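Have a look at the structure below, then the notes.
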Amino acid sequence: VQDGMVWVVNRTESTITRIDVARGRPGDEEIRVPLNPYEIAAYRGSIWVSTLTEGTIARITGLDD
């Protein structure tokens with residue numbers, strides 16, 4: 001959870017989705033991440049995603065509306 005948004009990992013699609021808590025609905029776009037995202041964390045304006053297949057951690061920035 002970050003700034004009124006909940007981030008959800010879509011493992012089979014290799015994306016993450018932002019859900020607006022106030023509206024109770026997902027955002028308009030999914031964000032592509034490395035193959036098989038597994039865990040997700042929000043910290044200081046970034047989203048961090050670990051991956052099962054590649055064994056990496058991806059940092060997603062620039063998420064401000």
Side-chain angles (χ1 to χ4, degrees):
V1 176
Q2 180 176 357
D3 299 328
M5 302 288 174
V6 174
W7 291 91
V8 179
V9 171
N10 308 307
R11 189 177 307 165
T12 58
E13 300 295 321
S14 294
T15 61
I16 59 173
T17 301
R18 177 181 2 202
I19 298 173
D20 184 332
V21 174
R23 294 182 353 181
R25 299 172 57 183
D28 295 333
E29 66 180 80
E30 293 179 337
I31 298 170
R32 301 281 316 153
V33 295
L35 191 59
N36 295 115
Y38 184 66
E39 295 177 319
I40 190 168
Y43 183 70
R44 292 191 177 185
S46 297
I47 301 297
W48 298 83
V49 181
S50 67
T51 64
L52 284 175
T53 304
E54 297 176 10
T56 61
I57 297 175
R59 179 180 179 203
I60 295 100
T61 60
L63 300 171
D64 297 329
D65 289 328

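Just so it is clear, the structure is predicted and the values come from calculations on it, not from any experiment.
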**Study point:** Other cluster members, L35 - Ile/Leu/Val/Met/Phe/Trp/Tyr, side-chain contacts below 4.5 Å
**Key:** none
Review point. Heavy atoms, side chains only, cut-off 4.5 Å: are P37 and S14 in contact?
Key: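 P37 vs S14: side chains touch.
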Revision key, fill the gap. For T17, the side-chain hydrogen bond (donor to acceptor under 3.5 Å, both in side chains) test, sequence neighbours excluded, returns N10
Check your understanding: Taking only residues two or more places apart in sequence, or in another chain, which ones meet D20 in a side-chain hydrogen bond (donor to acceptor under 3.5 Å, both in side chains)?
Key -> none
Check your understanding: When rounded to the nearest 0.5 angstrom, what is the spacing between CD1 in I60 and CD1 in I16?
Key -> 4.5 Å
Review point. Can you name the residues that form a side-chain contact (heavy atoms from CB on, under 4.5 Å) with V6, not counting sequence neighbours?
Key: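 Here the qualifying residues are V1, V8, I19, V21.
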Check your understanding: Do the side chain of R18 and the main chain of D28 share a donor and acceptor less than 3.5 angstrom apart?
Key -> no
Show every donor-acceptor pair shorter than 3.5 Å between a side-chain atom in residues 44-52 and any protein atom, with sequence neighbours excluded, or say none if there are none.
unit_1: S46; atom_1: OG; unit_2: R59; atom_2: NE; d: 2.9
unit_1: S46; atom_1: OG; unit_2: R59; atom_2: NH2; d: 3.2
unit_1: S50; atom_1: OG; unit_2: E39; atom_2: N; d: 3.2
unit_1: T51; atom_1: OG1; unit_2: G55; atom_2: N; d: 3.3
unit_1: T51; atom_1: OG1; unit_2: T56; atom_2: N; d: 3.1
unit_1: T51; atom_1: OG1; unit_2: T56; atom_2: O; d: 3.3
unit_1: T51; atom_1: OG1; unit_2: T56; atom_2: OG1; d: 3.0

Review point. Of the non-hydrogen atoms in V9 and Y38, which two are nearest, and what is the gap between them?
Key: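 That would be CG1-N, 4.2 Å.
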**Study point:** Heavy atoms of other groups near R25 CZ, more than 12 under 6.0 Å
**Key:**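 Result for CZ/R25: open.
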